[in-house]
Engineer: 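Take this structure first; my questions come after.
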Amino acid sequence: MITLKNIWKEYPIDGEELFVALRDVSVTIERGEFSSLIGPSGSGKSTLMHLIGLLDKPTRGDILIEGKNILEYNDDEISSLRNEFVGFVFQQFNLINKLTVLENILLPTTYTRKKLSYNPTQKAMEIMERFGIASKAKSYPNRISGGQQQRVAIARALIMSPSLILADEPTGNLDTKTGKEIMKLLAQLNREDTITVLIVTHEKDIAAQTKRKIEIVDGRII
Amino acid sequence: MGFIESAFFDFSRNKGRTFLTSLGILIGVLAVVLLTAFGLGLKASIEQQFEDLGTNLIRVVPGQILKDGNFSNSSSAFTSIEFDEKDIQKLSRIREIENTVPIFSKSIIVTVGNKKEISTLYASTAGIFTALNVNADFGKLFTESDVNKRSSVVVIGPNLAEDLFLSAKQAIGKSVTIEGQKYVVIGVTNKKGGGFGGGPDFDSFIYMPYKTAYTFNTNKTFMAIILQTKTDEEIKPVIGQAEDILLKRYEEEEFSIIQQEELLSAINSIFAMINTVLVAIAAISLIVGGIGIMNIMYVTVTERIKEIGIRRALGARKSDILIQFLVASIILSLIGGLAGLGLSAVIVFFIKPYFPAYIDLNSVLLALGVSSAIGIIFGVFPAKKAADLSPIDAIRYE
């Protein structure tokens, strides 16, 4: 579904020296996989996640989605792909506090250029029902618990029916019990809805819950 | 939540900041709209004064006052020829002329007992009342026979009458002293208003038969002659004939023959120019207001970098972000513009009894158009900055 081929990512430091974040990385994620990207901090896993999430472009190498090289796309096309193809779940939840829970979940639908085959509000209500947060629809994110906020974030990631859910340390800001619930939810989405899920983490026991582990150290996949 | 609601939400959270930022635009719009309102009011008031005068008037004056429809500033503007009775007689022979009115005017001090007032004396024929469209509210106007008999009578304006005699009615039959001579007040004219913008203040004039005024006017000369025709169509031929008559005695540049409309349009063009300059100066404050908006929009963009990053990660295009911030800046500017317009309307409402002023549709459209334009012009750079943020840097921003 998404293939990264011979990816290099370099950043200039102090204008002269180059910091190499990713060295010749090649990886393919197949449809329906439940995998984790694991590595210590500074290993380049965040950089790799940003590339997979279409938030950034590599210095060299190709990124293919369904066989198409997306590095040839312009900014608007990549924005639309981000809107429709990927759903993000962040460690910090990254909800917009001035919008209600429902408005947050619906936010991606306001940026889509394609005609949706479903009623967005209705779909949002169904997801919230399923996640047990329907009663919070009119609440503001800073008025609900961390676990609930992360459920809202997952609901927001799901609203556009993406092919891939990209979860960056999704349990990092939650207590162990709530973290487990969120992991269960992600596993359930993969199993029941056959959504491809990639979890980025530095915790071994989180990675252990996934079917495939992609390990990255010093900018290389091992 | 759309862009507009979103903008209002942000403004309601930062009320003080929104108020101060809009204040800049408010002051600018207020200044422009008020100055335009005063300009319009002044113009209307001058036009009204001209309208109040009799119709079909032609003025014969010394020098070249008007040149190509504007007031001349060449040295020939005020050559000191003066007309005399001979000119009046010759001009009055033109068949189409109904009323020939010589004018001798002088600033004088008029005294009654120990009360002194400065006034303008107009010495003329009885025809001056027809030409200036003046009637007597109390008493009567002087007649041709008063002129020929050199009667020691005057007709005075209502304001002057009140200043000297407490009421217009009490003035009738009393005498006033002008330069040592006593004159009986036989009439008080009706109120005409005026006096704005250097226009004549008819209500404080003194009218005197011109032959009586020869006491002051020892040369028996006149500063102007007003010719009144029966109809509009006769104005052109009368001007031609009057020119021929006067050219026999004077050089071409020594006198001017001016139609009422020409004078009005010349005065109007001067006021339009002054008003344009004033409005242009006021418009500078709008630019300052715009800079204030730009400043606060940059602050807003910085405060919301994280939000911009989230929106971009969820699929917002650069143009979506650009529009979001541009709408916010236009609304901010429009709030100021509308408030400025509202405040102008209130000020005009209260000032109207004392000064002619009004706000027309053009001022309203201009104020709204200009404030929207300022929102766009000064909002586009901050909005562009927001749109051009890298999504990855924005979302990691703390």
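Just so it is clear, the structure is predicted and the values come from calculations on it, not from any experiment. Per chain, numbering begins at 1; letters A, B, ... match sequence-line order.
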Engineer: Under 4.5 Å from any heavy atom of chain B, what part of A/Leu54 do you find: side chain, backbone, both or neither?
Structural biologist: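 For A/Leu54, neither part sits under 4.5 Å from chain B.
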
Engineer: Rounded to the nearest 0.5 Å, how far does CG of B/Leu314 lie from OG of A/Ser79?
Structural biologist: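 If I round to the nearest 0.5 Å, the distance is 11.0 Å.
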
Engineer: More than 12 non-hydrogen atoms from neighbouring residues, nucleotides or ligands closer than 6.0 Å to CZ on B/Phe19, yes or no?
Structural biologist: no

Engineer: Go through the steps to decide whether B/Arg317 and A/Glu77 satisfy the test side chain to side chain contact (heavy atoms under 4.5 Å, CB included), and finish with yes or no.
Structural biologist: CA-CA 9 Å; B/Arg317 294 181 178 187; A/Glu77 288 166 333; over 6 Å; no

Engineer: Can you tell if the side chain of B/Glu307 reaches within under 4.5 Å of the side chain of A/Asn97, non-hydrogen atoms only?
Structural biologist: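 The answer is no, as the side chains (C-beta and beyond) never meet within the 4.5 Å cut-off.
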
Engineer: Return yes when atom NZ of B/Lys43 has more than 12 non-hydrogen atoms of other residues, nucleotides or ligands closer than 6.0 Å, and no otherwise.
Structural biologist: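 No, because the 6.0 Å sphere around NZ of B/Lys43 holds 12 heavy atoms or fewer from other groups.
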
Engineer: Could you check whether any side-chain N or O of A/Arg82 sits under 3.5 Å from a backbone N or O of B/Arg312, counting only pairs where one atom can act as donor and the other as acceptor?
Structural biologist: yes

Engineer: Between the side chain of A/Asn94 and the main-chain N/O of B/Ile310, is any donor-acceptor distance below 3.5 Å?
Structural biologist: no

Engineer: Within a 6.0 Å radius of atom NZ on A/Lys57, are there more than 12 heavy atoms belonging to other residues, nucleotides or ligands?
Structural biologist: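 Buried by this count: over 12 neighbours within 6.0 Å.
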
Engineer: What option among A/Phe90, A/Tyr111, A/Phe88 has the most heavy-atom pairs under 4.5 Å with chain B?
Structural biologist: A/Tyr111

Engineer: More than 12 non-hydrogen atoms from neighbouring residues, nucleotides or ligands closer than 6.0 Å to CD on B/Glu47, yes or no?
Structural biologist: yes

Engineer: Evaluate whether atom CZ of B/Phe38 has more than 12 neighbouring non-hydrogen atoms of other residues, nucleotides or ligands under 6.0 angstrom away.
Structural biologist: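 Counting neighbours around CZ of B/Phe38, more than 12 heavy atoms of other residues, nucleotides or ligands fall under 6.0 Å, so yes.
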
Engineer: Does A/Arg60 have more than 12 heavy atoms from other residues, nucleotides or ligands lying within 6.0 Å of its CZ?
Structural biologist: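 More than 12 heavy atoms, drawn from other residues, nucleotides or ligands, come within 6.0 Å of this atom.
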
Engineer: Answer with side chain, backbone, both or neither: which region of B/Ser390 has an atom nearer than 4.5 Å to a non-hydrogen atom of chain A?
Structural biologist: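 Contact with chain A: none, neither part.
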
Engineer: Hey, what do you get for CD1 (B/Ile392) to OG1 (A/Thr47), rounding to the nearest 0.5 Å?
Structural biologist: 8.0 Å

Engineer: For residues B/Arg396 and A/Gln92, determine if any side-chain heavy atom of one lies less than 4.5 Å from a side-chain heavy atom of the other.
Structural biologist: no

Engineer: Could I get the full list of ring-ring contact (aromatic ring centres under 6.0 Å, His included) partners for A/Phe85, not counting sequence neighbours?
Structural biologist: none

Engineer: Can you establish whether the number of heavy atoms outside A/Tyr11 located under 6.0 Å from its atom OH is more than 12?
Structural biologist: yes

Engineer: Among B/Ser319, B/Ala313, B/Pro391, which residue has the highest count of heavy-atom pairs closer than 4.5 Å to chain A?
Structural biologist: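 Highest number of heavy-atom pairs under 4.5 Å: B/Ala313.
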
